[in-house]
Amino acid sequence: MVETHKVESINELNKKLPELEHRNFRDDDFWKSIPAWSQVTREEFGDHLWQQKNSIRKIDQVKKVLGDLATPELMADMEDGQRKTPMNIRITPYIFSLIDWKNAWDDPLRKQFLPLGSQFLPEHPQHMSDSLSEDEDSPVSMLTHRYPDKVLFLPTTLCPVYCSYCTRSRIIGGSTESVDKSSYGANQKKWDEVFDYLRKSPLVEDVVISGGDSFMLTAAQLKYIGESLLKIPHIRRIRYATKGIAIFPMKITSDNAWFEALKDVHKYGLSLGKQVVVHTHFSCPKEITHWSQLAMEKLFRAGIIVRNQAVLQHGVNNDVSDMVLLTRQVGYLNIQPYYVYMHDMVPGCEHFRTTLREGIELEKAVRGTTAGFHTPTFVCDLPGGGGKRHVASYEYYDEENGISVWKAPYVKPGEVFTYVDPIHRLSPEAQKRWQDPETAKKMIADAIAKAKD
Ligand SMILES: *Cc1c(COP(=O)(O)O)cnc(C)c1O
Ligand code: SF4
C-alpha cells in the first residue's frame, strides 16, 4: 500500500519554522480588541477616511476608546508624558490597536507614539533641538543643502502620526506644553522659491521630499511637487519620504487619487529617465501586518521602489532578534532596508537612545542574515551637520565616558564632530563626571585631542 503524505500548505510550514517567522503577517481582526472598535468591520477599518477620522489626537480620546483597558495609573502616566514630550499626539487606529494594551508599559508601539511621563530621563547636557543643524545649512526656507549633489526639502510639517522620538520635533506637529513651534502646512508660494533655488543649483541631482510626511500632501500637491522637481533638467532622482506605509497602509490601498498621483509622477520620471522612489520608516516587527503586505504589493506592482529607514531605539528595536526579524520582514515585502540611524541627540529622547557600541554590535549581528542588498547600513548622522557616517567609522571612541569623535572629510573638511552615549548607560563614576560642566568640557576636549593624534 502506498502511504499518502499530507502536503502541508506553505503557510502552515511557515508558521512552524522559526527561521521563517518573517513570512507570517498578522491578519486577524486585531482592532476588535479595542472596546470602541469592537463592531468595526474589516471594510471600514481598511478605509483611509475611517482611519483618518478616527485617529487619536488627545489623551481624552485614548481613554474613551480604550474604556476599561485604560487603567487610572496608565492614564495618569500618559498625561504626565504629555507635559514632558516635545511632540503632540496623533496616532492611527491601525497602530493604536496593534498596541498590546494589557502590557502597555513595555509595548514598542505605545513607546513610539504615547510616551509615559515615568519613562523620561533627564536631558543629556549635549542635547540640541536642531541636532543635525538643518536650519544652519538652509539657503532658503524649507530646504537643507548640506551635500553638493543632494538636498532635503521639507514641504510640510504635518504627519499622519507624531513620533515621540522625531528628529524634527522643533518644527513638526504644532506646539506642545513644553515647546513652541512654528509649524507649517502646504504653501505653494514657498515651494516655488525652493524650486527657483534648485533651478539655479546645477550640482543638485537628488531631492529628498520629507517633512513632515508626504502622506499629508494632497494628490494635487504631491503631483505638483514631483513634476516641478522632475522638470528641472539636472535633477535626476526624487524620493518621497513617508512613514505612511508603516503606520497607515490603508492610504495606499484605498486612497486611489493619492496613489494614482504617485504613479503618475513615477511614470513621468520614467519618461524622462529619472528615478522616483519612496522612502519609508518601519521601526519594529510589531507594526508589520498583512495590511503592510497589501500596500507593498500595490507599490511593487506599480514598479515603485521602496526603501526603509529605521531609527535605533531602546526598547523598540535594539534587540538582535527584533532587528534581524525587521530586516528580513521588510526585505520579504520588497522593501530595501536602507539605513538604521543612531538616535539623534534631540530633546525628550534620552530614554530612547542607545550607546554607539550597541549600534555597532547590532550591525555585526544583522550582516549576513539576508541578501547584502537587503542589509541596512547603520549610521550616525553627526550632530552639528557632518552628515551620515557608518557607525564603526569614528576616529576615536571613549567608551567609558560615552564620547565618540568623528570626521566628515568631504562634507565639512577639517571639522570634528562628537556624538555622545546616553548618560544613564555609563558607569556611576562617568555619570558623576558628566554632572560637572567643567569636567564634561575637559572630557570632550580630551577625546577630540585623541582623535586628532
Ligand atoms: C539624509 C540627508 C540627505 C540624503 O542622504 P542619503 O545618504 O543620500 O540618504 C540629504 N540631505 C540632508 C540634509 C540629509 O540629512
Ligand atoms: S513621521 Fe517622521 S517627521 Fe513625522 S513625527 Fe514621525 S519621525 Fe517626525
Side-chain angles (χ1 to χ4, degrees), residues 55 85-92 95 109 112-113 115 130-139 142-174 176 179 181 183-184 198 201 203-217 236-248 275 277-283 287 307-311 313 316 336-344 346 348-349 352 376-390 408 410-412:
S55 284
T85 177
M87 295 300 288
N88 272 309
I89 298 179
R90 190 180 229 161
I91 175 165
T92 51
I95 287 293
L109 296 176
Q112 291 179 70
F113 305 103
D130 181 13
S131 158
L132 307 177
S133 296
E134 290 180 337
D135 298 341
E136 206 172 294
D137 285 338
S138 176
M142 302 187 181
L143 192 81
T144 300
H145 189 178
R146 166 168 310 142
Y147 306 91
D149 71 344
K150 56 186 180 185
V151 294
L152 172 66
F153 174 33
L154 310 176
T156 172
T157 58
L158 305 175
C159 303
V161 292
Y162 291 127
C163 314
S164 172
Y165 57 94
C166 181
T167 189
R168 299 196 186 103
S169 61
R170 70 188 188 281
I171 52 171
I172 301 294
T176 66
V179 202
K181 309 182 191 182
S183 307
Y184 50 85
L198 291 175
S201 309
L203 295 185
V204 176
E205 293 176 1
D206 192 324
V207 183
V208 181
I209 305 155
S210 185
D213 193 298
S214 298
F215 259 38
M216 300 309 276
L217 301 169
R236 303 281 299 158
R237 302 177 289 276
I238 65 171
R239 351 176 181 168
Y240 288 107
T242 176
K243 194 169 168 63
I245 304 169
I247 49 78
F248 188 11
Q275 286 184 29
V277 306
V278 173
H279 278 204
T280 195
H281 179 176
F282 283 92
S283 299
E287 60 206 57
R307 305 192 185 108
N308 193 58
Q309 309 191 173
V311 179
Q313 294 166 78
V316 172
Q336 301 171 358
Y338 179 36
Y339 282 145
V340 176
Y341 290 95
M342 291 303 300
H343 206 300
D344 289 326
V346 285
C349 289
F352 275 133
T377 304
F378 284 64
V379 293
C380 179
D381 209 342
L382 297 181
K388 301 165 186 72
R389 311 298 302 184
H390 187 280
Y410 191 76
V411 182
K412 302 263 163 88

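The figures here come from the full heavy-atom set of this structure, side chains too, leaving out hydrogens, waters and symmetry mates. Just follow the structure's listing: the first ligand is 1, and inside any ligand the first atom is 1.
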(request) Please list, in chain and residue-number order, the protein N/O/S atoms closer than 2.8 Å to atom 6 (Fe) of ligand 2. (result)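 Checking every protein N, O and S atom gives Cys163 SG.
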
(request) Give me the one residue out of Arg236, Arg237, Lys150, Arg239 that meets salt bridge (Lys or Arg N to Asp or Glu O under 4.0 Å) with Glu205. (result)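 When Arg236, Arg237, Lys150, Arg239 are each tested with Glu205, the salt bridge (Lys or Arg N to Asp or Glu O under 4.0 Å) holds only for Arg237.
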
(request) Indicate the ring-plane relationship of Tyr165 and Phe352, choosing parallel, tilted or perpendicular according to the 30° and 60° boundaries. (result) perpendicular

(message) Going by side chain to side chain donor-acceptor pair (under 3.5 Å), name the residues that satisfy it together with Asn308, two or more places apart in sequence or in a different chain.
(response)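 Applying side chain to side chain donor-acceptor pair (under 3.5 Å) to Asn308 gives none.
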
(message) Checking Asn88 against Thr176: is there a side-chain donor and acceptor pair closer than 3.5 Å?
(response) no

(message) Between Asp135 and Arg170, does the side-chain contact (heavy atoms from CB on, under 4.5 Å) criterion hold? Intermediate values first, please.
(response) CA-CA 11 Å; Asp135 298 341; Arg170 70 188 188 281; 3.0 Å; yes

(request) Please identify which atoms of ligand 2 are closer than 4.0 Å to at least one heavy atom of Met87. (result)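 Once the distances to Met87 are compared, the set is 5 (S).
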
For ligand 1, what N or O to protein N or O distances fall under 3.5 Å?
{"unit_1": "ligand 1", "atom_1": "5 (O)", "unit_2": "Lys150", "atom_2": "NZ", "d": "3.2"}
{"unit_1": "ligand 1", "atom_1": "5 (O)", "unit_2": "Lys388", "atom_2": "NZ", "d": "3.4"}
{"unit_1": "ligand 1", "atom_1": "7 (O)", "unit_2": "Lys150", "atom_2": "NZ", "d": "3.2"}
{"unit_1": "ligand 1", "atom_1": "7 (O)", "unit_2": "Tyr339", "atom_2": "OH", "d": "2.5"}
{"unit_1": "ligand 1", "atom_1": "8 (O)", "unit_2": "Lys150", "atom_2": "NZ", "d": "2.9"}
{"unit_1": "ligand 1", "atom_1": "8 (O)", "unit_2": "Arg239", "atom_2": "NH2", "d": "2.7"}
{"unit_1": "ligand 1", "atom_1": "8 (O)", "unit_2": "Tyr338", "atom_2": "OH", "d": "3.4"}
{"unit_1": "ligand 1", "atom_1": "9 (O)", "unit_2": "Arg239", "atom_2": "NH1", "d": "2.7"}
{"unit_1": "ligand 1", "atom_1": "9 (O)", "unit_2": "Tyr338", "atom_2": "OH", "d": "2.7"}
{"unit_1": "ligand 1", "atom_1": "15 (O)", "unit_2": "Lys388", "atom_2": "NZ", "d": "3.1"}

Using only atom types and a distance under 3.5 Å, with no angle test, would you say the side chain of [X] pairs donor to acceptor with the backbone of [Y]?
| X | Y | value |
| --- | --- | --- |
| Asp213 | Phe215 | yes |
| Arg90 | Ser55 | no |
| Asp344 | Thr167 | no |

(message) If the condition is side chain to side chain contact (heavy atoms under 4.5 Å, CB included), which residues does Val411 pass it with, not counting sequence neighbours?
(response) Arg146, Tyr147, Ala408

(message) Between the side chains of Lys412 and Asp137, is the shortest nitrogen-to-carboxylate-oxygen separation below 4.0 Å, so that they form an ion pair?
(response)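 Yes, this pair counts.
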
